[in-house]
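These notes are about the structure you will find just below.
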Amino acid sequence: MDLKAQLKQAVETAAQQLGMPVDAAIQETPSSKPGDYGTPAAFQMAKAAGRNPAEVAAQLAAAVVLPAGIKKVEAVGPFINFFLDIGDFVRGVVEKPFQMPALSGKVVIEHTSVNPNKELHVGHLRNVVLGDSMARIFRAAGHTVEVQNYIDDTGRQAAESLFAIEHYHRVWDGETKYDQWLGEGYVQLNADPQKPELEAGIMDIMHKLEAGVLRPLVEQTVKAQLATCFRLGARYDLLNWESDVVGSGFLAQAMNILEGSRYTSRPSEGKYAGAFIMDVSEFMPGLEEPNVVLVRSGGTAMYAAKDIGYQFWKFGLFEGMKFKPFMPDPEGREIWTSAPDGQPDDQKRFGHAQEVINVIDSRQDHPQTVVRSALGVAGETGKKERSIHLSYAFVTLEGQTISGRRGVVVSADDAMDEAEKRALAVLSDINPELAKREDAAEIARRIGIGAIRFAMLKAEPTRKIDFRWEQALALNGDTAPYVQYAAVRATNILRRAEEAGLKTDGTGADWESIPKIDLVLAKQVAKLPEVVAQSVRVHSPHVVAQYALDLATSFNAWYNAKDKQGKPATNVLQSEVGLREARLALMVRLRQAFEETAALIGIEIPAAM
RNA sequence: GCACUCGUAGCUCAGGUGGAUAGAGCGUUGGCCUCCGAAGCCAAAGGCCACUGGUUCAAGUCCAGUCGAGUGCACCA
């Protein structure tokens, strides 16, 4: 049990003994107040007992039994505050491994899911980075995670790009990135005044796509798009193709399940006569029109019905899709794909999620709520609650709406190129020696990609992002390089210590000599597991990004601290023997915290900066 | 019209289950490299937390309403 939980219990036990039971909240004290942790529990107790809060607080402070690691307790007005034993606490932080929240269960996270007709643009970056970071965080929290990427291979966009190849007799030079080359045809077609007359040809391609005969071309596009995602650091377990979802009969199976619900019907008269409809008013209150059409009166299915079937499958409500290996990812792990010629999933390896997270633009809020409601209609209320839409606001580019059709975009690859270029330029400017090293390009890559990822997830997903070069690729302030720089500084201290032959594993440490200023840093390090737990709870990585900044800020402030004479107060290597060893051990722990925190949001720490 | 999301410093944003004097970054101004790297640190200035009312010992946080911004509301995909 962690310290806060122990404090909570200690306070509640004491309150119970005083005859004023309470649910005590333990919080960190503001930095200007005495103590490390405190509770306002006396407010509630005093209220219930009709007494003065300060008196109750004094009485409570006298009654509470201090857990190990707490040195003293003090009533401060109506609050009671606890004081940590500094040496004990720092030693505990250094010696105990992180206790990540012990969650379990399989989580399916779907992200990326871009149309296979064009290269990714900067707007797509947000989706990929959000989804990939969630996958990393959920894994760290103990969940089994399966990352799925939906390939809409029967859509109109894919058809138009492929149509453009034959219509304009386009030939790929084998060098241009394939998805980018394909997208050029798409833009050309949509700028073509003759386009309305080409409808028959486009429809022909759509039929061929549905029949699966153009799949090799789409696969080539998907591979080119995945190269961009890999470069960003994203990884996948499974690609699900729309043609396979349709071909596996999910639609019929889902409609079978819904058929039995009291919320669905086939009206014989009125405006929905002959259609199969679902009343979602109980799940989506306040709608003007409570009914959603699933199957048209002509017998054809609506798009929403297909989405519902797919979501049902993710939760394991039925089987039917076949799978085979697709390609290895950069680490050599196999990515699987749905395929008509694949093997049935006898081991129930894919899907069967306890929780499903779909990373989708907030413009899909309404349809996603319908999909979620369908689980309620099917009587699966538990699964409905664990059907999460990670909804994020769209990205604009320098204030302009991004339009793939018109082609006025910056591609994701261009953004990454530019980010790495800027990082290298800064490197050459402020650290010319480093820029000459062999790994300079790798350092610039980590900084550039880190900067982009961080810019995409430091704010809440509901915030609109305007992608501006100056902001997204900034290398100081609230950025990944700020965090990376702090981590590199910690590494440098450790490198120097090793050169001097000093022990960094805590041997020879005098924990009692640690001053209060180091405690602040150690407390920050100790927060990581709580941060992970909160990120999982709110389904957003921005919590982790903000924590990474806090950690770096705490360390930088500590690193630069001066004593009253204006001399450095925390120089590790020049600290007294004993304190020096304790601080070196703390640096090892801090460095590890930086690595782990950054890894949660897909950011790598460079070897040097 | 209805639904959803949002409104915190000049700009961009943080502010777990309501608690102590609302915090960062950018920008502005002024300091800090004979001592582990200045992509850093310290300080100053800048706030009726959109507005009104309510609940509470306690509201940026919860509730209702108003105003403002964005998005979505087809037997389309």
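None of these values were measured; they are calculated from a predicted model. Letters A, B, ... are given to chains in the order of the sequence lines, protein chains preceding strands, and every chain is numbered from 1.
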Next item on the list: Would you mind telling me which of G16(B), C41(B), U71(B) lies closest to the side-chain atoms of K4(A)?
Entry: G16(B)
Check: Taking atom C1' of U5(B) as reference, at what distance in whole Å does atom CZ of F394(A) sit?
Finding: 12 Å
Note to self: Distance to the ring centre below 6.0 angstrom and angle to the axis at most 45 degrees; does that hold for R372(A) and F283(A)?
What the structure shows: no
Next item on the list: Assign each of A561(A) and R496(A) to its nearest nucleotide of RNA chain B by heavy atoms, then name whichever residue's nucleotide is nearer the 5' end.
Entry: R496(A)
Next item on the list: Check whether any side-chain N or O of H389(A) sits under 4.0 Å from OP1 or OP2 of U5(B), and answer yes or no.
Entry: no
Note to self: Checking contacts here: which listed nucleotide (G40(B), U71(B), C35(B)) is nearest the side-chain heavy atoms of Y485(A)?
What the structure shows: G40(B)
Note to self: Of the listed nucleotides (C13(B), U71(B), A38(B)), which one gets closest to any side-chain atom of Q546(A)?
What the structure shows: C13(B)
Notebook entry, point to check: When you check the side-chain N and O atoms of R453(A) and S133(A), is any donor under 3.5 Å from an acceptor?
Noted result: yes
Check: Checking only heavy atoms, does the side chain of N492(A) share a donor-acceptor pair with the base of G37(B) at less than 3.5 Å?
Finding: yes
Note to self: With syn defined as a glycosidic angle within 90° of 0 and anti as the rest, where does C33(B) land?
What the structure shows: syn
Note to self: Heavy atoms from C-beta onward define the side chain here; which of G37(B), A39(B), C35(B) lies closest to that of A608(A)?
What the structure shows: G37(B)
Next item on the list: Using atom CD of E530(A) as one end and atom C1' of G16(B) as the other, report the distance to the nearest whole Å.
Entry: 9 Å
Note to self: For a quick test of reading the model: is some side-chain N or O of R489(A) closer than 4.0 Å to OP1 or OP2 of A39(B)?
What the structure shows: no
Notebook entry, point to check: Of all residues at least two apart in sequence or in a different chain, which pass the salt bridge (charged side-chain N to carboxylate O under 4.0 Å, His left out) check with R156(A)?
Noted result: E160(A), E199(A)
Notebook entry, point to check: Tell me: CG of D2(A) to C1' of G16(B), nearest whole Å?
Noted result: 14 Å
Note to self: How many whole angstroms separate atom CZ of F555(A) from atom P of C41(B)?
What the structure shows: 11 Å
Check: For I465(A) and U71(B), what is the distance between atoms CD1 and P respectively, to the nearest whole Å?
Finding: 16 Å
Item checked: All side chain to side chain contact (heavy atoms under 4.5 Å, CB included) counterparts of P290(A), not counting sequence neighbours -> D279(A), S281(A)
Next item on the list: Using whole Å, report how far CG of N431(A) lies from P of G40(B).
Entry: 14 Å
Margin query: Once hydrogens and angles are ignored, does a donor-acceptor distance under 3.5 Å link the base of C6(B) to the side chain of T462(A)?
Written below: no
Check: Y482(A) has a side chain; which of G40(B), U71(B), A39(B) sits nearest to it?
Finding: G40(B)
Item checked: Worked check of side-chain contact (heavy atoms from CB on, under 4.5 Å) between L584(A) and V572(A) -> CA-CA 7 Å; L584(A) 282 170; V572(A) 174; 3.6 Å; yes
Notebook entry, point to check: Among all residues two or more places apart in sequence or in another chain, which pass the salt bridge (charged side-chain N to carboxylate O under 4.0 Å, His left out) test with E288(A)?
Noted result: none
Notebook entry, point to check: Which nucleotide, C35(B), G40(B), A14(B), lies nearest any side-chain atom of P568(A)?
Noted result: C35(B)
Notebook entry, point to check: To the side chain of Q534(A), which of A39(B), G16(B), C4(B) is closest?
Noted result: G16(B)
Next item on the list: Considering just the side-chain nitrogens and oxygens of Y303(A), establish if one lies under 4.0 Å of OP1 or OP2 belonging to A77(B).
Entry: no
Check: Taking the side chain of H542(A) as its heavy atoms from C-beta onward, which of G70(B), C2(B), G15(B) lies nearest to it?
Finding: G15(B)
Checklist line | Nearest-nucleotide pick for R463(A), side chain only, options being A14(B), C41(B), A39(B) | finding: A14(B)
Item checked: Along RNA chain B (nearest heavy atom to each residue), the more 5'-positioned of I430(A) and P285(A) -> P285(A)
Notebook entry, point to check: Separation of W558(A) atom CH2 from G37(B) atom P, in whole Å?
Noted result: 13 Å
Notebook entry, point to check: Is RNA chain B part of any stem, that is, at least 3 consecutive Watson-Crick or G-U pairs with both distances under 3.5 Å, and where?
Noted result: B:1-7 with B:67-73, B:10-13 with B:23-26, B:28-32 with B:40-44, B:50-54 with B:62-66
Next item on the list: Could you tell me whether R591(A) sits above the aromatic face of F555(A), with NZ or CZ closer than 6.0 angstrom to the six-membered ring centre and within 45 degrees of the axis?
Entry: no
Note to self: Can you identify which nucleotide, out of A14(B), C35(B), U12(B), has its nearest atom closest to the Q471(A) side chain?
What the structure shows: U12(B)
Check: Residues two or more places apart in sequence or in another chain: which of them pass side chain to side chain contact (heavy atoms under 4.5 Å, CB included) with P432(A)?
Finding: none
Next item on the list: Indicate for each nucleotide in nucleotides 18-33 of chain B, in 5' to 3' sequence, whether protein heavy atoms under 4.0 Å reach the base (B), only the sugar-phosphate (S), or nothing (-).
Entry: -BBB--BS--------
Next item on the list: Using the six-membered ring for Trp and the full ring for Phe, Tyr or His, decide whether Y559(A) stacks on the six-membered base ring of C36(B) (centres under 5.5 Å, planes under 30°).
Entry: yes
Notebook entry, point to check: How many Å lie between CG on L427(A) and C1' on A39(B), as a whole number?
Noted result: 10 Å
Check: Within the pair R296(A) and A77(B), is there a side-chain N or O less than 4.0 Å away from OP1 or OP2?
Finding: yes
